[in-house]
Each structure stands twice: as structure tokens, then as C-alpha cells.
There are 2 protein chains.
Amino acid sequence: MHSALSELEKEVIDIFVRIAGVLSLPRSVGELYGILFISSEPMCIDDLMRKLKISKGSTSQGLKILRSFGAVNPVYMAGDRRDFFTAEAELRRIVAGFVNEQVRPQVNIGKDRMARVKELLEQEEAGRKEFIAERIERLQGWQKRANALLPFALNFIKPD
Amino acid sequence: MHSALSELEKEVIDIFVRIAGVLSLPRSVGELYGILFISSEPMCIDDLMRKLKISKGSTSQGLKILRSFGAVNPVYMAGDRRDFFTAEAELRRIVAGFVNEQVRPQVNIGKDRMARVKELLEQEEAGRKEFIAERIERLQGWQKRANALLPFALNFIKPD
DNA sequence: CAGATTGTTCAAAATTTAATGAACAAAGTG
DNA sequence: CACTTTGTTCATTAAATTTTGAACAATCTG
């Protein structure tokens with residue numbers, strides 16, 4: 001079968017499947033990005049399904065996720081009404097998209113939670129209050145530092 | 001029941017359960033660290049089981065994971081042969097432990113994989129080789145930048 | 001507009017991951 | 001040394017996540 005994955009393709013896909021795991025993304029998302037990353041030609045859903053041997057549903061959903069943070073670019077192919085995609089290869093864009101779509105929402109939830117914890121602290125009995133207050137302050141310090149690191153890390157990724 | 005979790009405890013535990021999720025650690029690990037983090041007193045396995053209403057097995061395994069990267073400190077309690085623990089509250093230590101135990105191994109596997117990909121590249125036909133070579137080089141660039149960021153991020157966490 | 005093509009959605013199935021608890025090992029105690 | 005206490009391991013169970021594929025919607029084509 002001419003659509004089988006080469007050793008090299010498998011190896012590269014494996015790398016991205018691993019990365020997907022770290023980022024808590026489905027395996028299929030890693031596979032999709034991986035195959036697009038080493039394909040010089042844009043691919044459509046059908047190409048991707050056949051190459052990766054995954055279902056149409058997975059392919060469609062996986063591409064949706066990849067588009068959501070700009071890891072994949074739609075490409076117009078003249079005379080073909082199927083949607084084609086290439087991998088976005090500029091790291092800064094992908095990371096920025098990922099941070100905005102997947103990370104920042106989480107961070108904001110963290111802030112709300114923090115506010116609620118501080119309210120609850122007031123109701124605490126005097127004995128424990130001191131210790132707990134210290135811990136909450138510490139936790140808030142961690143949050144601040146994490147937030148400060150984020151923009152720096154983004155800046156760390158220089159243009160290619 | 002006097003061992004039920006207070007609202008504040010639940011809220012703090014929720015924060016750490018969330019963090020555990022981001023780090024791909026089991027929920028129970030987040031719960032364990034969370035309850036220890038807001039407890040002024042060291043706790044033993046039995047305390048933890050009862051407080052969190054999780055099994056002995058989960059508690060034992062969870063503590064094992066937390067110890068593996070130094071997120072938890074054993075505490076000697078005179079006249080009690082059970083093992084007691086407190087939460088390590090110095091962020092730098094926890095992050096350093098986590099990076100050494102959970103992150104670096106992955107990064108090294110990544111390096112091996114990269115080497116294999118470069119071997120396979122040689123067998124590629126001339127036409128595609130050029131494009132693929134560019135992609136692999138790019139991927140390697142990403143890896144380098146990620147590796148460079150790690151020590152910086154560690155340094156970013158100043159002593160408390 | 002009837003039929004074909006393409007992409008999306010979502011309930012059900014398959015897979016993966018985590019939690020449970022009983023069996024076991026280790027170490028203390030009298 | 002028999003008995004208790006404590007912690008770990010691991011096969012099984014339970015829960016969470018991912019994938020599948022058929023139904024559907026949207027769009028094109030002649």
C-alpha cells in the first residue's frame with residue numbers, strides 16, 4: 001500500500017504524540033500535526049485518515065483542536081472543494097495560540113479560586129488562621145511568579 | 001463526623017487537583033499534597049485516608065510519587081511508628097525535584113529519538129530530502145530553545 | 001433541485017488510566 | 001516467637017478519556 005507511513009514519518013509522529021501527551025491533548029492530535037509537519041504537500045481530511053488510519057470523526061475533531069490554537073493553516077487548493085491543511089511551523093505562533101486558548105483560561109479560574117479561598121480564610125478560627133494565612137500567601141506568591149514567567153517564556157521564543 | 005473536609009480545605013485541595021491535572025499526575029496526588037499543604041500538623045497514611053476518603057493503596061502510591069520529587073517531607077514523631085508527612089513548601093525544591101524526576105528523562109528520550117530521525121533522513125530520496133531536512137532542523141531548534149528555557153525557569157524561582 | 005461530496009456532531013464502543021482492597025512483607029512488641 | 005501494627009504491591013474494578021462511525025448538515029454540481 002502506497003499510503004503506509006515510512007519509518008521516518010512514524011518516528012516524527014511519535015515525537016509529536018509524546019508532546020501531545022505532555023500537553024494533555026489526544027494522541028490523534030499529535031499524529032495529525034506530526035504527519036502535516038513532515039509533509040511538503042497540504043493534506044485534506046481524507047489524506048489524513050488514510051495515512052494515519054484513524055476515523056473521520058477523530059480527524060475532524062483533531063483538526064478543530066489544532067486550528068483552535070493555530071497549529072495548522074487552511075490552504076486553498078484551486079479546483080478542489082475539500083479543505084487542505086499545512087502545519088504551522090513557526091513555534092512562536094503555536095505557543096502563543098496554545099497559551100491564549102488552553103492556558104490562560106485555566107490561570108483565570110485559578111485567580112477566582114484564590115479569591116474564594118481568601119474569603120473562607122476569614123471564617124477560620126484564630127488558632128489555625130495564622131498558619132493557613134501564611135500558606136495562602138505563599139500559594140499566591142507561587143501564582144504570581146508563574147504568571148510572571150509566562151510572558152517571559154513567550155518572549156524567549158524568538159522569531160525564526 | 002469530625003474528619004470531614006472544611007470548605008476551605010476543599011477549595012485548596014481543588015487548586016492542587018487542578019495543578020496535578022496539568023502535570024499529568026493522578027487526582028489523588030493533588031488531593032494528598034493539598035491537604036498536607038494546609039495542615040499545620042504532620043499527617044500519617046491513616047489520617048490522609050480518612051480525611052480524603054481514598055483507599056490505602058492510593059494513599060501509599062500517591063505519597064510515593066510525592067516523595068519521588070520531594071514534594072513531601074517525612075517527619076519523625078516520637079513514640080509513634082507510623083510515617084508522618086508534611087508538605088514541602090519551598091517551591092524551588094519541588095520544581096527542581098519534578099524537573100529532575102519527571103521532565104529530564106522525557107527530554108533525553110526526545111534526544112535519542114532525534115538522533116534516530118536524523119539517521120533515517122539519510123535514506124530519504126533526494127526530492128523530499130530537502131524539505132524534510134529543513135523540518136528536522138527546525139524541530140531541533142525548538143528542542144534547543146526548550147532546553148535553554150528550563151534552567152532559566154528554574155533560576156526564575158527565587159528562594160522564599 | 002436531485003444527487004453527490006465534504007465536514008461535523010454525538011451516542012456508543014474501545015481504550016487508557018486511576019482507585020480499590022485484599023494479600024503480602026517488614027518491622028515492632030510483649 | 002506469636003501477634004500486632006504499618007506500609008506496599010498488584011490483580012481487579014471503576015472511572016475517565018478517546019475513538020469510532022453512522023446520522024446529519026452544508027455546500028456544490030450538472
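Protein chains get the first letters and strands the later ones, always in sequence-line order, with residue 1 at the start of each.
- The environment of A:Glu122 atom CD is dense: over 12 non-hydrogen atoms of other residues, nucleotides or ligands sit within 6.0 angstrom.
- A:Val75 and A:Val72 sit in two unconnected hydrophobic clusters of ILVMFWY residues. Membership requires side-chain heavy atoms under 4.5 Å apart, directly or through other members.
- Between the CG atom of A:Leu23 and the P atom of D:dT18 there is a distance of 13 Å, rounded to whole Å.
- Figure legend: A:Arg135 and B:Phe37 shown as a cation-pi pair, the cationic atom lying under 6.0 angstrom from the six-membered ring centre and within 45 degrees of its axis.
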Pairwise N/O distances under 3.5 Å, protein to nucleotides 15-18 of chain C:
none

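- Closest approach of A:Asn100 to A:Pro105, counting heavy atoms only: O-CD, 3.5 Å.
- Rounded to whole angstrom, the span from the NZ atom of A:Lys53 across to the C1' atom of D:dT20 amounts to 17 Å.
- Residues B:Pro26 and B:Ala20 share a closest heavy-atom pair of O-CB, 3.9 Å.
- Atom OH in A:Tyr76 sits roughly 11 Å away from atom P in D:dC28 (whole-Å rounding).
- The side chain to side chain contact (heavy atoms under 4.5 Å, CB included) test applied to A:Gln143 returns A:Lys111, A:Met114, A:Gln140, A:Asn147, not counting sequence neighbours.
- Taking 4.5 Å as the limit, some side-chain heavy atom of A:Ile13 sits within range of a side-chain heavy atom of A:Leu52.
- Taking the six-membered ring where tryptophan is involved, the planes of A:Phe152 and B:Phe152 are essentially parallel, since the angle between them stays under 30° and well short of 60°.
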Per-nucleotide protein contact string for nucleotides 2-13 of chain D, where B marks a base within reach and S marks sugar-phosphate only (heavy atoms under 4.0 Å, - for neither): --BBSBBBB---

